[in-house]
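Chain naming here is simple, since letters A, B, ... match the order of the sequence lines and numbering starts at 1 in each. Just so you know, these numbers come straight off a predicted model, no measurement behind them.
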Amino acid sequence: MASSQQQKQQIQNMLRLDTKQSKRSTMLLEQPVTRQRRDKVSLSAFAFLFAEMIRYTQNRVLGIQDLETKLNELGQRVGVRVFELTMWREKIVRRETRVLQMLVYINSVVWRALFDKPADSLERSTDNEDEYMITDNEPAILKYISVPKEMASFSPGAFISGIVEAIAACCQCPARVTSHVVPVDGLPVRTVILLKFDKDVMEREKRLEAGK
Amino acid sequence: MIHSVFIINRSGGLIYNKNYNTHIAQLSSNEALIFAGTFHGIHALASRIAPTGKTLGTKDTGIQTIDTRNFRLHCFQTPTGIKFIAATDLLHANLTGVLTKIYELYCDYALKSPFYNLEMPVRSDMFDANMLQLVQQN
């Protein structure tokens, strides 16, 4: 009895908005935040949107560095929201404030939430001890982008580096994050996200390590 | 064996031209452009003079294959007016499946790249690489 009432309500909702759309999309704002099943966005749809984002920013900047900075800013706005959402959905009680734990969190939880797979590797640079690198062998959102030879130093992964930079700032470990394309045999779109942590973060880490 | 592939945009300009068979005579870039324009013209003619049915909506698809003694030319026109042309040997009777796959690759690596301007020549390494793979499979 109650379920048929519910069904009638749902049908009425659908008729009011658009009979062709699925139930999920019409009641988008009434969906619970903790999603029950893995729902994905079409990669093609996002690829078109992302391509248009890059074209849009390209018209408003002068230079490759500026373009990467603008994409980084766009990514930061996504990063803040992704951070809140993943913390809520994974039911994590503590926010990571130590550098290494935060990097592991980004590597596994955030990457899985965004790209459906953990990042491929996490390394610490041997030259500078405040630099860390997250590698993704084939970032799905960059799959269809071919950068022309005149802009060979441009890395569209600047969007992903913006997401990481926002999460680092949320975890109280502010860093300068950039993305570089480092192709390796068979992986032409291999992207490396380089995080350079601020001086006070590294000093704080040293103090905490010594204090232990 | 696919000898070469051409892609012609809506206005008849050549946007992609690749030769996959090194043993045959190559077309110069000028000749390729002339070929594209000519083919665009005769394709339009063929779809106009085709005897259509009573209903107004049925439009002819235009030229699908051209047979000669040594090779066969296949053409696939998309609803957006882009023509995918492949020149193959006589063993391939129907290349629509392959041409549809080429259309998919074009949609993926050309249309989704922010650096590609519509109706311009396709300059994408990934498109070239995937095309080579597809042609080698056939």
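- Other residues, nucleotides and ligands contribute more than 12 heavy atoms inside 6.0 Å of the CZ atom of A/Arg124.
- Summarising the local packing, NZ of A/Lys199 is surrounded by 12 or fewer heavy atoms from other residues, nucleotides or ligands at distances under 6.0 Å.
- Residue B/Lys18 qualifies as enclosed at atom NZ: its count of foreign heavy atoms under 6.0 Å is above 12.
- Annotation: the span from B/Asp125 atom CG to A/Lys149 atom NZ amounts to 4.5 Å, rounded to 0.5 Å.
- Neither the backbone nor the side chain of A/Glu52 comes within less than 4.5 Å of any heavy atom of chain B.
- Neither the backbone nor the side chain of B/Phe127 comes within contact range of chain A, judged by heavy atoms closer than 4.5 Å.
- Heavy-atom contacts from other residues, nucleotides or ligands closer than 6.0 Å to CZ of B/Arg10 number 12 or fewer.
- Of the two parts of A/Phe46, neither the backbone nor the side chain holds a non-hydrogen atom closer than 4.5 Å to a non-hydrogen atom of chain B.
- Other residues, nucleotides and ligands contribute over 12 non-hydrogen atoms within 6.0 Å of the CD atom of A/Glu123.
- Taking each heavy atom of A/Met151 and B/Phe115 in turn, the nearest pair found is SD-CE2, 3.6 Å.
- The minimum heavy-atom distance linking B/Lys112 with A/Ala51 is given by the pair O-CB, 3.4 Å.
- Residue B/Met126 comes nearest to A/Val189 through the heavy atom pair SD-CG2, 4.4 Å, listed as atom of the first residue, atom of the second, then distance.
- Heavy-atom distances place no part of A/Met53 under 4.5 Å from chain B, backbone and side chain included.
- Note on B/Ala129, B/Ser113, B/Ser124: by heavy-atom pairs under 4.5 Å with chain A, the leading option is B/Ser113.
- To the nearest 0.5 Å, atom CG of residue B/Leu111 and atom OH of residue A/Tyr144 are 12.0 Å apart.
- No more than 12 heavy atoms of other residues, nucleotides or ligands sit less than 6.0 Å from atom CZ of B/Arg123.
- Shown here is A/Arg176, whose CZ atom has no more than 12 heavy atoms of other residues, nucleotides or ligands within 6.0 Å.
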